[in-house]
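One structure is given here, and the rest of the page talks about it.
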Amino acid sequence: MSEHYLAQEIEAKWQQRWEATGIDAVAEDDARESYYCLVMFPYPSGNLHMGHVRNYCLGDAVARYKRMQGFNVLHPIGWDAFGLPAENAAIKHNRPPAEWTYANIDQMRVQLKGLGLSYDWSREIATCHPEYYRWEQWLFTKLMEKGLAYQANAEVNWCDPFHTVLANEQVVDGVCWRCDTAVQRKNLKQWFIRITDYAEELLADLDTLSGWPEKVVGMQRNWIGKSSGAEVSFGLEDSDATLDIFTTRPDTLMGVTYMAVAAAHPLAKKAAESNPQLAAFLDECSKISTKEADVETMEKKGMATGFNAIHPITGERVPVWVANFVLMGYGTGAVMSVPAHDARDFDFAKKYGLPIKQVIQQIGNVWDINAAAFTETGLLINSGEFDGTPSVQAKQDITAWLTAHEKGEERTQYRLRDWLVSRQRYWGAPIPVIHCDDCGAVAVQEDQLPVELPTHLQPTGGASPLTNCEAFKHADCPTCGKAAVRELDTFDTFMESSWYMNRYTSPRDAGAMVNADAVARWAPVDQYIGGVEHAVLHLLYARFYHKLMRDAGLFTSEQGGDEPFKNLLTQGMVLKDGTKMSKSKGNTVDPKAIIERFGADTARLFTLFAAPPEKELEWNDAAVEGSYRFLKRVWRLLEKLDNDEGSEDAAAVKAIRLSIHATIKKVTHAFEQGFAFNVAIAALMELSNSLQSYEPKGETGAAAYREGLQALATMLAPFVPHFACELGEKLGMEEVAVISAWPEVDEAALIQDEITIGVQVQGKRRGEITIAKDASQDDAMAAAQADSAIAKWLDGMQVVKVILVPGRLLNIVVKPA
RNA sequence: GCCGAGGUGGUGGAACUGGUAGACACAAGGGACUUAAAAUCCCUCGGACGCAAGUCUGUACGGGUUCGACUCCCGUCCUCGGUACCA
């Protein structure tokens, strides 16, 4: 038996066999317990990149392991097929995005199959199919009925030369990526979904997500950003209008020395009418991108409007300024400024010579208020009747005062904003609305769905081609029948990726968005796996959408749960040269080359071995070959399979069986606790090394060797399924990657009579001793004293304390006698 | 800026609940086999001193807690991800 390991041949053989037997398709009537393993579906960019490979190898390892544990595993795949890159490619190659997208899907499907991933291909979906997005349109019309979808104005990045809206990604250093022109803010009427109505539930249910990484739960909690404070109404001099603001620090209200409003605030616009300098400043403010990072890191600037607000308690006049960091649409577009107790207000006041009035005194210390803002809590000063009150109490007292005088009230505020779902783009799902001059925005009726996107249009880089597509544009008003026009915006692609996990449970259902029985059978997803970059947006929208679907009556809490993903594994990025591998950075590694050279199993093994799943993986071409060499070494273990010459060696058999079963325990633990596959594979390598140096002697010796090889083949199956199946076949086993059961630990094999532990003196390692497994502290101490290497450190010393950590070490604390 | 994560040999990483730092690999160097090469096998491999035995030192940096700290606490620096129109 000296055949070579021929990866390509083996992989083709097993892939054909799996496809022919349809082994990965799940049956609804299967009696086994259900398990739903989901990987984040890919955007069909055309080529599988290493991030995909990592994601899908992790998912496949989990799915295969669960199958081997006896579960009926749903493991589906599909395509997140709408999006900006298709439009960019369409412009570049002068062919419609649909053509490009479908060609990419075909290409990537072949690549995925080449990796030997155990997907149920009969459930494949693509979000650009009308049969898919029609249900998203349907749900949107239901949300309109409930008032959960609405229209409002919002600012976008506008490129004037191209006459188009720019995505944040297309704004580089404040200018358009293609023409280098400074972007402008433009106010457009857009569609929103009221995710803020669900803020409280989205926040509360985070506590139920025990199977999620704490960091993701924390990030979502911060993103939702619940804060309590007060809404305060400032008067306006010579006007009946008020200037309303929200503050989390009503205790600092007496320290307000100016107000700041957004450039787009009506008050700012009004002031600019008679002030050309201010008008120029507002124009300057409109040339900042809408990215939060840009807004927060730019130089803070402002200008007085000439208007004055009236302080609600003192009645004093407070100047109103325009500030470039205050944004219209976040809250009321106005803030109160307390330079003494807010770092940003402090810097702004210093810059423009505005007064700084300290109203909170640090307890037990004198704070130099001219050096820095004091942003913690303390005792009130300079606050009239509130003097001497602690901050916490003052928050309540001042809010109560405002409430009593009808100048404010207690309020809870969320950082979370409503979800803006309309995009001024072509390659997306049409928003199912018709605009009628008489009836306004009317939802398309259910029997008229889907509103199909014309797929033949060619984007030009300017306005969406839908705006010129007469055939699409015109429709009759569903209410009055008059000629009207369709909504020409399309949905944010996060809409499609927010509910695909539920659609997979009944992907071909033509009569409903999801089938409640199928949801009951599979949902929620038992294990979701995807990139950590989705920790907030995608994962928050999907949680929200799941609740929307539940509340639309598509399934009940009992059937589908209140949360879509029970357990979450956020894999780290695949990096090259220390930065995210991405097409736009041109630092991608093509998995194809690795598969062609070493085979899919080597590619799979390496991506799982090179780093723990949740950590970033720094790509290293040279290290891949090591994984290949490991497979070859395992392969050669077959050569000793039928050896049994020599006389039985009970000690060697005991040692190898200990090694086998300790490995089973370790690898199983990796699957059950946190998916440390890199450590699991290292353990399998150690077992392989042990088997390599082991000499099978006699009948029991050969039997132990076979046991070890079979365990190795079985445990390799989730990682390198083709290799494991071939190895298993040569060992006379059933198809290990699909049928065989996961090996069980023989506890008897793990029992050791003697163990070796380290010995420390003063916490420093000075030697080791071999003692009985259950030796007492005195026995261990005696053994240590009998060891000359250790004894010399005890010479002339008095033992103060002895610490025995069972199975680990002995630490002897001494002092000079 | 804000939120989150991370920093351990030349490299990727391991180290259980605070308990022998560097498992398992990669790279490198040396050797065996070979006419030669590939493949394979064996040895060395954090740093300093030392012929060696060994001793000291070492987990980004500075402090602290502890019999004992990569692990816990305080502070600093750096890198990466997200930051609502990339997906």
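Both backbone and side-chain heavy atoms feed into the values below; hydrogens, waters and symmetry mates do not. Keep in mind the model is a prediction, meaning the values are calculated, not measured. Naming convention: chains lettered A, B, ... in sequence-line order (proteins, then strands); numbering from 1 in each chain.
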Taking the side chain of A:Pro612 as its heavy atoms from C-beta onward, which of B:C24, B:A27, B:G13 lies nearest to it?
B:G13
Just how far is it from atom OH of A:Tyr541 to atom OG1 of A:Thr493, taken to the nearest 0.5 Å?
10.5 Å
If I take atom NZ in residue A:Lys615 and atom C1' in nucleotide B:A15, what distance separates them, rounded to the nearest angstrom?
13 Å
Heavy atoms only, 4.0 Å cut-off, all strands: where does A:Met573 land among base, sugar-phosphate and nothing?
sugar-phosphate
Between A:Trp793 and B:U55, is there a contact of a side-chain N or O with OP1 or OP2 at under 4.0 Å?
yes
Evaluate side-chain hydrogen bond (donor to acceptor under 3.5 Å, both in side chains) for A:Asn168 paired with A:Thr290, printing each intermediate quantity in order.
CA-CA 7 Å; A:Asn168 278 338; A:Thr290 59; 3.3 Å; yes
Distance between C1' atoms of B:C45 and B:A25 (Å, rounded)
14 Å
Under a 4.5 Å cut-off applied to non-hydrogen side-chain atoms, are A:Asp342 and A:Ser337 in contact?
no
Do A:Gln220 and A:Trp212 meet the criterion of a side-chain donor-acceptor pair at a distance under 3.5 Å?
no
I'd like a table of atom pairs between the protein and nucleotides 65-68 of chain B - only N or O on both sides, under 3.5 Å - with the distance next to each one.
residue : atom : partner  : partner atom : Å
B:C67   : O2   : A:Asn811 : ND2          : 2.4

Taking OP1 and OP2 of B:C24, is either one under 4.0 Å from a side-chain nitrogen or oxygen of A:Asn689?
no
Below 4.0 Å: OP1/OP2 of B:G12 and any side-chain N or O of A:Asn678:
no
NA contact type, A:Trp223, heavy-atom cut-off 4.0 Å: base, sugar-phosphate, or nothing?
base
Counterpart base for B:C86, defined by Watson-Crick or G-U wobble contacts under 3.5 Å:
none
Quick one, A:Tyr43 and A:Pro85 - any side-chain contact, counting heavy atoms below 4.5 Å?
yes
Classify the nucleic acid contact of A:Arg415 as base, sugar-phosphate or nothing, counting any heavy atom under 4.0 Å across all strands shown.
base
Could you measure between the two C1' atoms, the one in B:G58 and the one in B:U20, and give it in whole Å?
16 Å
How do A:Gly626 and A:Lys632 order along RNA chain B: which one's closest nucleotide is nearer the 5' end?
A:Gly626
Could you tell me the Watson-Crick or G-U partner of B:A25, where both distances fall under 3.5 Å? Say none if there is no partner.
B:U11
When rounded to the nearest Å, what value does the distance between C1' atoms of B:A5 and B:G9 take?
24 Å
Watson-Crick or G-U counterpart of B:U35, or none if no pair lies under 3.5 Å
none
Taking atom C1' in both B:U83 and B:U66, compute the distance separating them and give it to the nearest angstrom.
41 Å
Within the structure shown, what part of the strands sits under 4.0 Å from A:Pro42 by heavy-atom distance: base, sugar-phosphate, or nothing?
nothing
So does A:Arg629 get a side-chain nitrogen or oxygen closer than 4.0 Å to the phosphate oxygens (OP1/OP2) of B:C26?
yes
Hunt down the Watson-Crick or G-U wobble partner of B:U17, both distances under 3.5 Å, from any strand shown, or write none.
none
To the nearest Å, how far apart are A:Leu84 CG and B:C85 C1'?
8 Å
CA sep, side-chain torsions, deciding dist, call: A:Leu712, A:Ser688, side-chain contact (heavy atoms from CB on, under 4.5 Å):
CA-CA 8 Å; A:Leu712 188 58; A:Ser688 164; 4.2 Å; yes
Would you indicate whether A:Asp173, at its atom CG, is surrounded by more than 12 heavy atoms from other residues, nucleotides or ligands within a distance under 6.0 Å?
no
Nearest whole angstrom, please: distance from the C1' of B:U40 to the CZ of A:Phe630.
17 Å
Work out how far the P atom of B:G6 is from that of B:G13, and round it to whole angstrom.
13 Å
Rounded to the nearest Å, what distance is computed from the CZ atom of residue A:Arg597 to the P atom of nucleotide B:A39?
10 Å
Interatomic distance where CZ belongs to A:Arg633 and C1' belongs to B:C42 [whole Å]:
13 Å
Is any side-chain N or O of A:Glu616 under 3.5 Å from a base N or O of B:G81, one able to act as donor and the other as acceptor?
no
Under-3.5 Å donor-acceptor pair between A:Glu292 side chain and B:C2 base
no
Of A:Met685 and A:Phe82, whose closest RNA chain B nucleotide lies nearer the 5' terminus?
A:Met685
Just how far is it from atom CG of A:Asn324 to atom CE of A:Met298, taken to the nearest 0.5 Å?
3.5 Å
Run the side-chain hydrogen bond (donor to acceptor under 3.5 Å, both in side chains) test on A:Gln424 and A:Asp489 for me, step by step, so that the C-alpha distance in whole Å, both residues' side-chain angles and the decisive distance to 0.1 Å come before the verdict.
CA-CA 5 Å; A:Gln424 296 70 47; A:Asp489 285 357; 3.1 Å; yes
Sticking with atom C1', work out how far B:G22 lies from B:G7, rounded to a whole angstrom.
16 Å
Without hydrogens or angle criteria, can the side chains of A:Gln571 and A:Asn55 be said to hold a donor-acceptor pair below 3.5 Å?
yes
Between B:C42 and B:G47, how many Å separate the two C1' atoms, rounded to a whole number?
27 Å
Taking a pair to mean Watson-Crick or G-U wobble geometry with both distances below 3.5 Å, B:C45 pairs with none
Touch class at under 4.0 angstrom, heavy-atom based, for A:Val165 against every strand present
base
In whole Å, what is the span from the CZ atom of A:Phe609 to the C1' atom of B:U11?
13 Å
Which nucleotide, if any, forms a Watson-Crick or G-U wobble pair with B:A52, using both distances under 3.5 Å?
none
For a quick check of understanding: with a heavy-atom distance under 4.0 Å over all strands, which category does A:Thr493 fall into, base, sugar-phosphate or nothing?
sugar-phosphate
Nearest whole Å is fine: how far is B:A87 C1' from A:Asp492 CG?
10 Å
Check the chi torsion on B:G9 and let me know: syn if it falls within 90° of 0, anti if not.
syn
Can you pull out the residues from residues 532-539 of chain A that lie within a 4.0 Å heavy-atom distance of RNA chain B?
A:Glu533, A:His534, A:Leu537
Return the pairing partner of B:A5 with a 3.5 Å limit on both distances, Watson-Crick or G-U wobble; otherwise return none.
B:U79
Taking only side-chain N and O atoms of A:Gln692, does any of them lie within less than 4.0 angstrom of OP1 or OP2 on B:C41?
yes
Please report the distance separating the P of B:G31 from the corresponding atom of B:A23, rounded so that it comes out in whole Å.
25 Å
Could you check which nucleotide pairs with B:C72 in any of the strands shown, counting Watson-Crick or G-U wobble with both distances under 3.5 Å?
B:G64
Against A:Ile812, only a single residue in A:Arg766, A:Gln760, A:Gln762, A:Met781 fulfils side chain to side chain contact (heavy atoms under 4.5 Å, CB included); can you say which?
A:Met781
Verify whether one side chain among A:Asn157 and A:Ser289 offers a donor that lies under 3.5 Å from an acceptor in the other.
no
Can we say A:Lys215 and A:Glu614 salt-bridge, meaning some charged N sits less than 4.0 Å from an Asp/Glu carboxylate O?
no
Report the distance from atom CZ of A:Phe162 to atom C1' of B:C85, rounded to the nearest whole Å.
18 Å
